[in-house]
Amino acid sequence: MALSKAQQAKADAYLEKFMTGLKRRNAGQPEFHQAVHEVARDVVPFLQDKQAYKDAHILDRMTEPDRVIVFRVCWTDDDNNVRVNRGTRVQFNNSIGPYKGGLRFHKSVNISILKFLGFEQVFKNSLTTLPMGGAKGGANFNPHGKSDGEVMRFCQAFMSELFRHIGPNTDIPAGDIGVGAREVSYLFGQYKRLENEFTGTITGKGLAFGGSLIRTEATGYGCVYFAREMLGTRGDEIKGKNCLVSGSGNVAQYTAEKLIQLGGKVLTLSDSGGFIYDPKGIDEEKLAWIVDLKTNKRGRVSEYVDKWGGEYHEGKRPWGVPCDLAFPCATQNELEEGDAKTLISNGCQLVSEGANMPSTIEAINIFIDNKLLFGPAKAANAGGVAVSGLEQTQNAMRLSWTREEVDKQLLDIMKNIHRTCVTYGKDGDFINYVRGANLGGFVKVADAMLAYGVL
Ligand code: NDP
């Protein structure tokens, strides 16, 4: 709905007042402010003619987590030193299903980051159409350089407190940055021991103990499926396109794999040290080497150049390399205004976000102003949590679906999310996927909250 000038002015004034209050109540949480602002600037104008939502103060309620659990995690390192970290679980909203969202172990973890991630998760999970609420958690624990024994003791200590707050019908955590297959296994093992039951309370599990085929690949594959749908609206395809991928962890690896399978040429990957640029393209053999390096050897991407050639750019991000398509798959705020301008001036047509909130608001504005095909994280990377939802279903049914079956469901879900974004985001001949994802995710949760009355 196009607003009149007076309605728009009213919405702008309300947005400013709302954000001022939110910032005051959540002081020192810039990532959370950013995530809320990105949603509120679409939702506030949408609410202008929706009195029921306004009367129920839905937006105020949706930006306040149901609860935040903070706990001490005490463990011993290999030299028998006592170490103390802080564990947190933000249970943001369970209006449409049990809380669901990953755990992040990284030295940068703080309440602002976990609240931004939990808030985003509410919308993302709603978009998948599966019955999942939103949550996020983690700890300021840095797995880099820790032995397997240290990681195991940390995970067991973390779960020794978290277990009392989660369950198959309450809250189902999963992995995220720093929490891969190894950590999920330690966490689930401890949960199972403490509860003396075998339920699918964590997703991303190993295949031998309740994991789903395609879960490892799902976020990256889904991100590329979403990009393919976006390109399809302009009669275009991935084949033959030069692609930039950032990160070299789980999401980046499988984004690159699917791009290669669909005929794209992957030019870059990165980690927190810098990025590699291979003008010949990172093919399947080179990618398999990187997956082994990052997943098993826990090495650095800089090692690629000695083995395969190309260039390593220390301390830099890949966005200056000319490309057709860009896939930020590392971390939040890794693509800023200047990067967005560079991408556009170099001819980039599409950005599909594999990571959570990798583009700053200023960068997003540039993409939208230039009518780029821009797939925001809550839509483009929802494939991971969608297959986590499918893992829960398989666990509840005590069944394992085939690879083909799960991949087909993933593809269908990404197509549905794309369709929802088009429904809510169509603006003349341009599709504003940010607005589409925000409103599409919002309506379902808001309607459930309205139905419950004042809670
Ligand atoms: P991983 O831990 O597997 O990989 C993270 C990658 O990002 C690594 O290459 C890491 O480099 C790099 N990285 C981390 N922090 C920074 C930083 N500050 N600057 C530059 N690079 C950095 O995590 P995932 O691949 O699972 O997650 C990546 C992103 O995708 C996150 O935003 C996550 O929230 C999001 N996501 C993940 C999902 C999943 O299913 N895994 C689902 C939906 C979203 P290094 O090796 O040096 O640490």
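Values below: every heavy atom of this structure, side chains too, minus hydrogens, waters and symmetry copies. Order of appearance sets the numbers: ligands from 1, and atoms from 1 within every ligand.
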Is any N or O atom of [X], backbone or side chain, closer than 3.5 Å to an N or O atom of ligand 1?
| X | result |
| --- | --- |
| K136 | no |
| G178 | yes |
| D176 | yes |
| V251 | yes |
| K124 | no |
| N356 | yes |

Where on [X] is there a heavy atom closer than 4.0 Å to ligand 1, on the side chain, on the backbone, on both, or on neither?
| X | answer |
| --- | --- |
| Q332 | neither |
| E334 | neither |
| R317 | neither |
| S108 | neither |
| S246 | neither |

Given the side-chain rings of H418 and Y433, with only the six-membered ring counted for Trp, is the space between their centroids under 6.0 Å? yes

F119 ring center near F92 ring center (under 6.0 Å): yes

Nearest protein heavy atom to [atom], by residue and atom, and its distance?
| atom | answer |
| --- | --- |
| atom 45 (P) of ligand 1 | S272 OG, 3.5 Å |
| atom 13 (N) of ligand 1 | A330 CB, 4.2 Å |
| atom 4 (O) of ligand 1 | G249 CA, 3.3 Å |
| atom 19 (N) of ligand 1 | T331 CG2, 3.8 Å |
| atom 39 (C) of ligand 1 | T219 OG1, 3.3 Å |
| atom 27 (O) of ligand 1 | I177 CG1, 3.7 Å |
| atom 46 (O) of ligand 1 | K294 NZ, 3.1 Å |
| atom 3 (O) of ligand 1 | N250 N, 2.9 Å |

Within-shell test, C329 vs ligand 1, heavy atom, strictly < 4.0 Å: yes

Within-shell test, G354 vs ligand 1, heavy atom, strictly < 4.0 Å: yes

Residue [X] vicinity, atoms of ligand 1 by number, heavy atom under 4.0 Å:
| X | result |
| --- | --- |
| S270 | 9 (O) |
| N381 | 43 (C), 44 (C) |
| R215 | 39 (C), 40 (O) |
| R104 | 31 (C), 32 (O), 33 (C), 34 (O) |

Per atom 9 (O) of ligand 1, closest listed option by heavy atom (G274, S248, C223): S248

For atom 48 (O) of ligand 1, tell me which residue out of H144, E353, K378, E217 has the closest non-hydrogen atom. H144

Got a donor-acceptor contact below 3.5 angstrom from the N110 side chain to the I113 backbone? yes

Rounded to the nearest 0.5 Å, how far apart are [atom1] of [X] and [atom2] of [Y]?
| X | Y | atom1 | atom2 | result |
| --- | --- | --- | --- | --- |
| K241 | L267 | NZ | CG | 13.5 Å |
| L269 | D271 | CG | CG | 9.5 Å |
| Q253 | T219 | CD | OG1 | 11.5 Å |

Check: K115 and V36 side chains under 4.5 Å, non-hydrogen atoms: no

State plainly whether the residues [X] and [Y] are in salt-bridge range, i.e. N to O under 4.0 Å.
| X | Y | result |
| --- | --- | --- |
| D324 | K265 | no |
| R215 | E391 | no |
| D78 | K146 | no |
| D171 | R89 | yes |
| K341 | E337 | yes |

Check F105, W75, Y186, F163 against F158 for a ring-ring contact (aromatic ring centres under 6.0 Å, His included) and give me the one that passes. F105

May I ask you to establish whether K316 and F275 are in a cation-pi arrangement, using a distance under 6.0 Å from NZ or CZ to the six-membered ring centre and at most 45° from the ring axis? no

Do the numbers put K258 on top of the ring of Y221, so that NZ or CZ is under 6.0 Å from the six-membered ring centre and no more than 45° off the axis? yes

Would you name the heavy atoms of T88 and V68 that are closest together and state the gap between them? CG2-CG1, 3.9 Å

